Chemist: 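Structure provided below as structure tokens; questions to follow.
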Amino acid sequence: MTVQAEAKNDKQIDLFAVRSVLFLPASNPRAIAKAREAGADLVVLDLEDAVKAEDKAAARSAAVEAVATAWAMPVAIRVNGAGTEWHSLDLDAVAGSRADLVVVPRATSAHIVGDIRKTVGKPVLAMIETAAGVLAAADIAPETAGLIAGTNDLRADLRLPLDATREPISASLQLIVLAARAAGVAAFDGVFNSLDDEQGFRAEARDGRRVGFDGKSLIHPNQIAPCHEAFAPSAAELERAQALVDAFHGGAERFGNEMIERMHVEAAQRVLARARA
């Protein structure tokens, strides 16, 4: 989805081309400096879970200051949730900032998300992190530019064991993707918590792509390169996609040992467009 920030900047953002969404605490100036050069497709300066209560005001000011200068990639600010003492102050700060998007945590109400979008005047990425959020995702998605699966909070809300795999939340992840696709907006997978398990990260990122996510949330710059590899079409996929597009002449027809129709061609064209992007 191409969105246009409605505040002071008119940057066009193709969220369907975003593979990596790097979260970092806005209270950490060293992390912000590294993120500028790290090469993520989208950076999220966090005012919520990653920031201690006593650091909230300083983090808010730091985030606004950080986005005042140009970045090579789009930058979002994640605000504290509705009902917290910091929420209104965060919204006012983001509304007056040069952030490209606002990230809303623990979204459970389309009405609240819509109000935040209007208040801030910027596109919204809503985090679906609870059972209530998953069940309301189809209503929330049309108010947004994209949905983000908050897998850690979702596991906690579902009271899963700490060592639970993705299997118990697989239905929730699919519902998030379904809601996003029905609304025509982007969808991003949750984070992978282990910083030293690159093989595990790659496997989960590939799984996220197979589920239908456009990209994945990250917690460290070291995850950017393997994320981009996992969400990029392989050489074999590109070759097949191009051959399929070249072979199609309209209607149902044979392609190798299978029958193809326009829907298959459109899927192949999306693969080629993603590679170009």
Side-chain angles (χ1 to χ4, degrees), residues 13 15 18-53 55-56 58-60 62-67 71-81 84 86-87 90 93-94 97 99-107 116 120 122-130 133 144-156 169 173 176 186-198 200-201 204-205 208 213-228 230-231:
I13 306 167
L15 288 175
V18 170
R19 302 155 295 178
S20 54
V21 182
L22 178 63
F23 282 76
L24 61 127
S27 56
N28 188 334
R30 187 162 173 253
I32 292 175
K34 284 187 175 182
R36 286 184 178 274
E37 308 296 331
D41 292 333
L42 173 66
V43 170
V44 179
L45 304 178
D46 190 16
L47 306 181
E48 198 219 10
D49 282 348
V51 179
K52 298 177 182 177
D55 295 333
K56 296 287 189 183
R60 185 186 308 120
V64 171
E65 182 179 354
V67 299
W71 288 63
M73 70 288 289
V75 184
I77 296 177
R78 177 164 74 165
V79 298
N80 287 279
T84 67
W86 310 286
H87 181 68
D90 288 351
V94 175
S97 78
D100 298 299
L101 306 103
V102 59
V103 177
V104 177
R106 299 179 72 84
I116 291 173
V120 174
K122 300 178 187 293
V124 172
L125 294 175
M127 299 197 68
I128 307 300
E129 306 182 83
T130 63
T144 75
L147 301 179
I148 302 174
T151 46
N152 284 336
D153 283 86
L154 181 58
R155 284 186 175 97
I169 62 169
L173 297 177
I176 292 169
F188 301 102
D189 200 356
V191 299
F192 182 78
N193 296 313
S194 177
L195 296 177
D196 299 322
D197 184 5
E198 183 175 321
F201 174 86
E204 185 170 291
F213 286 107
D214 297 294
K216 187 168 180 61
S217 306
L218 311 180
I219 56 175
H220 195 279
N222 288 347
Q223 296 175 330
I224 295 172
C227 179
H228 288 180
F231 280 91

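Just so it is clear, the structure is predicted and the values come from calculations on it, not from any experiment. Positions are given from 1 along the sequence.
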Chemist: Nearest 0.5 Å, please: how far is CD1 in Ile148 from CG in Leu125?
Modeler: 4.5 Å
Chemist: Can you list the residues that meet the side-chain contact (heavy atoms from CB on, under 4.5 Å) rule with Ala62, with sequence neighbours excluded?
Modeler: none
Chemist: Of all heavy-atom pairs between Phe192 and Asp197, which one has the smallest distance, and what is that distance?
Modeler: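 Looking at all heavy atoms of both residues, the closest pair is CE2-O, 3.4 Å.
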Chemist: Between Ala126 and Ala107, which heavy-atom pair has the shortest distance, and what is it?
Modeler: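 Scanning both residues completely, I find the closest heavy atoms to be CB-CB, 3.9 Å.
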Chemist: Can you tell me which residue pairs pass the salt bridge (Lys or Arg N to Asp or Glu O under 4.0 Å) test with a partner in residues 19-34, sequence neighbours excluded?
Modeler: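 Only Arg19-Asp41 qualify under salt bridge (Lys or Arg N to Asp or Glu O under 4.0 Å).
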Chemist: Does Trp71 reach the main-chain N or O of Ala66 with its side chain, forming a donor-acceptor pair under 3.5 Å?
Modeler: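 A pair under 3.5 Å: yes.
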Chemist: Can you list the residues that meet the side-chain hydrogen bond (donor to acceptor under 3.5 Å, both in side chains) rule with Glu48, with sequence neighbours excluded?
Modeler: Arg78
Chemist: Do Phe201 and Asn222 pass the side-chain contact (heavy atoms from CB on, under 4.5 Å) test, and can you show the C-alpha distance, the side-chain angles, and the key distance before you say yes or no?
Modeler: CA-CA 11 Å; Phe201 174 86; Asn222 288 347; over 6 Å; no
Chemist: Is the backbone of Ala76 close enough, under 3.5 Å, to the side chain of Asp100 for a donor and an acceptor to pair up by distance?
Modeler: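 Flag not set: sc Asp100 to bb Ala76 has no pair under 3.5 Å.
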Chemist: Which residues pass the side-chain hydrogen bond (donor to acceptor under 3.5 Å, both in side chains) test with Asn152, not counting sequence neighbours?
Modeler: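 Expected list: Asn193.
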Chemist: Checking Asn80 now: which residues fulfil side-chain hydrogen bond (donor to acceptor under 3.5 Å, both in side chains) with it, not counting sequence neighbours?
Modeler: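 For Asn80 the side-chain hydrogen bond (donor to acceptor under 3.5 Å, both in side chains) partners, ignoring immediate neighbours, are Lys56, Asp90.
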Chemist: Check Gln223 against Leu195 and note the closest heavy-atom contact, atom names and distance.
Modeler: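 So the two residues come closest at NE2-CD2, 4.3 Å.
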Chemist: Identify the heavy atoms of Val51 and Ala59 that sit nearest to each other, and give their distance.
Modeler: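 Here Val51 and Ala59 meet closest at CG1-CB, 3.8 Å.
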Chemist: Considering non-hydrogen atoms only, spot the tightest contact between Leu173 and Phe213 and give its length.
Modeler: O-CZ, 3.9 Å
Chemist: Test side-chain contact (heavy atoms from CB on, under 4.5 Å) on Leu24 and Leu45 and set out the steps.
Modeler: CA-CA 5 Å; Leu24 61 127; Leu45 304 178; 3.9 Å; yes
Chemist: So, taking the atom named CE in Met127 and the one named OG1 in Thr144, what distance separates them when rounded to the nearest 0.5 Å?
Modeler: 12.5 Å
Chemist: So, using salt bridge (charged side-chain N to carboxylate O under 4.0 Å, His left out) as the criterion, who are the partners of Asp214 when residues are at least two apart?
Modeler: Arg181
Chemist: Apply side-chain contact (heavy atoms from CB on, under 4.5 Å) to residues Ser97 and Lys122 and explain how you reach the verdict.
Modeler: CA-CA 10 Å; Ser97 78; Lys122 300 178 187 293; 4.0 Å; yes
Chemist: For residues 144-154, which residue pairs pass the salt bridge (Lys or Arg N to Asp or Glu O under 4.0 Å) check, not counting sequence neighbours?
Modeler: Arg106-Asp153
Chemist: Using the salt bridge (charged side-chain N to carboxylate O under 4.0 Å, His left out) criterion, which residues pair with Glu65? Sequence neighbours excluded.
Modeler: none
Chemist: Listed by chain and number, what are the side-chain hydrogen bond (donor to acceptor under 3.5 Å, both in side chains) partners of Arg155, not counting sequence neighbours?
Modeler: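 Residues passing side-chain hydrogen bond (donor to acceptor under 3.5 Å, both in side chains) with Arg155: none at all.
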Chemist: Checking Leu42 against Ile13 for the side-chain contact (heavy atoms from CB on, under 4.5 Å) test, could you report, in this order, the C-alpha distance in whole Å, the side-chain angles of both residues, the deciding distance, and whether it holds?
Modeler: CA-CA 10 Å; Leu42 173 66; Ile13 306 167; 5.9 Å; no
Chemist: Under 3.5 Å, side chain of Lys216 to main-chain N/O of Phe231, donor-acceptor pair present?
Modeler: no
Chemist: Knowing that exactly one of Thr151, Val191, Asp189, Leu22 qualifies, which makes a side-chain contact (heavy atoms from CB on, under 4.5 Å) with Ser217?
Modeler: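 When Thr151, Val191, Asp189, Leu22 are each tested with Ser217, the side-chain contact (heavy atoms from CB on, under 4.5 Å) holds only for Val191.
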Chemist: How long is the span from the CD1 atom in Ile32 to the OG atom in Ser27, to the nearest 0.5 Å?
Modeler: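 Answer rounded to 0.5 Å: 8.0 Å.
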Chemist: Give the minimum heavy-atom separation between Ala145 and Pro123, together with the two atoms involved.
Modeler: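 What the structure gives for the nearest pair is CB-CB, 3.9 Å.
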Chemist: What is the distance from atom CG of Asp46 to atom CG of Asn28, rounded to the nearest 0.5 Å?
Modeler: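 So the CG of Asp46 and the CG of Asn28 are separated by 11.5 Å.
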